[in-house]
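Here the structure is laid out as structure tokens; the discussion comes afterwards.
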Protein chains: 2
Amino acid sequence: MYRIGELATLFDVKTDTLRFYEKHGLLTSSTRSEAGYRLYSQDDAQKLRFIIRAKAVGFSLNDIAELLSIELDKANWACADVKGLVDTKLEQVQAKIAELEFFASSLNKLSQACCGGPDSAEHCSILEALESTDKELSPKVEHHLHAEKQG
Amino acid sequence: MYRIGELATLFDVKTDTLRFYEKHGLLTSSTRSEAGYRLYSQDDAQKLRFIIRAKAVGFSLNDIAELLSIELDKANWACADVKGLVDTKLEQVQAKIAELEFFASSLNKLSQACCGGPDSAEHCSILEALESTDKELSPKVEHHLHAEKQG
DNA sequence: ATAAACCTTGGAGTTAAATCCAAGGTCAAG
DNA sequence: CTTGACCTTGGATTTAACTCCAAGGTTTAT
Ligand SMILES: [Zn+2]
Ligand SMILES: [Zn+2]
Ligand SMILES: [Zn+2]
Ligand SMILES: [Zn+2]
């Protein structure tokens, strides 16, 4: 049996996190000591491993609660149910990636359009693109020309 | 001049959002009517366009506050400063994408390993992978065999 | 003159996943 | 018998970007 601090150290999480998981129904220690200390069994540790793994592939704690409820009543769930959760999450993740890819490509275009030099931003292509009343965000690809210093 | 509802409609945001931007120093109407109504000028509208565009490429409102403070004092900032903000944000976005790509690939492996059928999840490869004590999350690529029904 | 649609303010609630705090109980070492 | 490390609880705070609410003032149309 592990006390909360031991289990936390073992899995490199904070004790607060374990108490938080308990409060949210994800992981409750199977026993308490006489003094009221949480005592975690090997099974509890296994469950924590499950939680941490599921987090590592992108599941939210809510998702994990669902997975855990399946996990401890496997016989009454089908592969289809489990795969459904995974596929749904995969779609969410892919949607988020698509959004971020769009950000990245936009930012990249902006970056390319700016000379990045030490001169005044008065004609900065990035700011111009953000100011523009065009419907599309379209920075000129050529760098602006900063006035030559001292001809 | 636009009243808050008009400007909101024009840019397809909520009035609450405009008040929120004001509270956070992003966009304050340049005038008020006698009755205290916010009145937005064309310049204010232009500033809102800037904010919305910057959001659309992934900047947070904090980032945008910084961009706006540069925007209205361009002469005292260099292209390097602006490009720096863009490049920093681009790195953050790329880091997030990398994390999500890892999630997606993990989820994809899990999904592939599960038959997705209507039979009991007792031997589901997804659950097994999450339970596993292996350091790596590695579902078997072959689907488990569910017992044949009725031989 | 009254109803509908609009505006004002301050403040509370939402979501996610912790993280931190205070006041106090427990336990082992010296 | 006292320090220090550990544990308990309930509740507050954090971050981001809104979103909603209540109570009341304003405008406009009928
Ligand atoms: Zn430049
Ligand atoms: Zn520039
Ligand atoms: Zn199966
Ligand atoms: Zn399966």
Side-chain angles (χ1 to χ4, degrees), chain A residues 1-40 44 48 50-68 88-89 92-93 95-96 99-100 103, chain B residues 1-40 44 48 50-68 88-89 92-93 95-96 99-100 103:
Chain A
M1 301 299 259
Y2 309 105
R3 275 174 305 157
I4 195 168
E6 292 169 330
L7 189 67
T9 301
L10 210 51
F11 284 89
D12 198 26
V13 298
K14 300 255 174 77
T15 56
D16 274 336
T17 301
L18 295 178
R19 294 195 197 95
F20 174 82
Y21 287 170
E22 177 172 313
K23 183 156 47 177
H24 289 72
L26 287 153
L27 179 64
T28 306
S29 72
S30 40
T31 327
R32 291 284 183 126
S33 76
E34 296 204 349
Y37 287 16
R38 290 171 180 80
L39 294 176
Y40 295 88
D44 296 334
L48 178 55
F50 185 101
I51 292 169
I52 288 170
R53 264 164 198 286
K55 262 176 58 70
V57 302
F59 284 112
S60 70
L61 297 189
N62 270 359
D63 299 329
I64 295 173
E66 208 168 342
L67 282 168
L68 282 171
T88 297
K89 179 56 56 176
Q92 290 168 7
V93 168
K96 190 73 188 171
E99 187 190 5
L100 292 180
F103 288 167
Chain B
M1 301 300 260
Y2 309 105
R3 275 176 307 160
I4 193 168
E6 292 169 329
L7 189 66
T9 301
L10 210 52
F11 283 89
D12 199 26
V13 298
K14 302 255 175 77
T15 55
D16 274 335
T17 300
L18 294 179
R19 292 195 198 95
F20 175 82
Y21 287 170
E22 178 172 312
K23 184 155 48 177
H24 288 71
L26 280 110
L27 178 65
T28 306
S29 72
S30 40
T31 329
R32 291 285 183 126
S33 75
E34 294 203 351
Y37 286 17
R38 290 170 180 79
L39 294 176
Y40 295 89
D44 296 335
L48 178 56
F50 185 101
I51 292 169
I52 288 170
R53 265 164 197 286
K55 262 175 60 69
V57 301
F59 285 111
S60 69
L61 297 190
N62 271 359
D63 300 328
I64 295 174
E66 208 169 341
L67 281 168
L68 282 170
T88 297
K89 180 54 58 177
Q92 289 168 9
V93 168
K96 190 72 189 171
E99 186 190 6
L100 293 179
F103 288 167

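Please read all numbers here as calculations on a predicted model, not as lab measurements. Letters go in sequence order (proteins before strands), and every chain restarts at 1.
- Nucleotide D/dC6 holds its P atom 15 Å from the CG atom of A/L7, rounded to whole Å.
- Atom CZ in B/F11 sits roughly 19 Å away from atom C1' in D/dC18 (whole-Å rounding).
- Taking 4.0 angstrom as the limit, B/K55 places a side-chain polar atom (N or O) nearer than this to OP1 or OP2 of D/dC18.
- In terms of position on DNA chain D, the residue among B/D16 and A/R3 whose nearest nucleotide sits closer to the 5' end is A/R3.
- The separation between A/E34 atom CD and D/dC7 atom C1' is 15 Å, rounded to whole Å.
- When distances are taken from the side chain of A/R32 to each of C/dA18, D/dT9, D/dA17, the shortest belongs to D/dT9.
- Under the 3.5 Å distance criterion, the side-chain polar atoms of B/D44 are matched with a main-chain donor or acceptor of B/S30.
- With C/dA17, D/dA17, D/dC20 as the choices, the nucleotide that has an atom nearest any side-chain atom of B/K14 turns out to be D/dC20.
- A donor-acceptor pair is defined here as one N or O able to donate and one able to accept, closer than 3.5 Å; such a pair exists between the side chain of B/E6 and the backbone of B/R3.
- Checking C/dT26, C/dC6, D/dC18 against every side-chain atom of B/T17, the shortest atom distance belongs to D/dC18.
- Take the nearest nucleotide of DNA chain D for A/T15 and for B/S60: the residue whose nucleotide is more 5' is A/T15.
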For side-chain contact (heavy atoms from CB on, under 4.5 Å), just list the numbers for B/Y2 and B/L39, CA-CA rounded to whole Å, side-chain angles, deciding distance to a tenth of an Å, and then say yes or no.
CA-CA 5 Å; B/Y2 309 105; B/L39 294 176; over 6 Å; no

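- Taking atom OH of A/Y40 as the reference point, atom C1' of D/dC6 lies 14 Å away to the nearest angstrom.
- In this structure, OH of A/Y21 is placed 14 Å from P of C/dA16, rounded to the nearest angstrom.
- Nucleotide C/dT15 holds its P atom 16 Å from the CD atom of A/Q92, rounded to whole Å.
- Both B/E6 and A/S33 lie near DNA chain C, and the one whose nearest nucleotide falls closer to the 5' end is B/E6.
- Where B/R19 and B/K23 meet DNA chain C, the nucleotide closest to each residue was compared, and B/R19 sits on the side nearer the 5' end.
- Rounded to whole Å, atom P of C/dC7 lies 14 Å from atom CE of B/M1.
- Of the possible donor and acceptor atoms, none in the side chain of B/T17 sits under 3.5 Å from a partner among the backbone N and O of B/V13.
- Here C/dT8 is the nucleotide among C/dT8, C/dA18, D/dT8 with the atom lying nearest to any side-chain atom of B/R38.
- Under 4.0 Å is where a charged nitrogen must lie from a carboxylate oxygen, and between B/K96 and B/E99 at least one such pair does.
- The B/A35 side chain lies nearest to D/dT26 when the options are D/dC6, D/dC20, D/dT26.
- In this structure, CG of B/L61 is placed 5 Å from P of D/dC18, rounded to the nearest angstrom.
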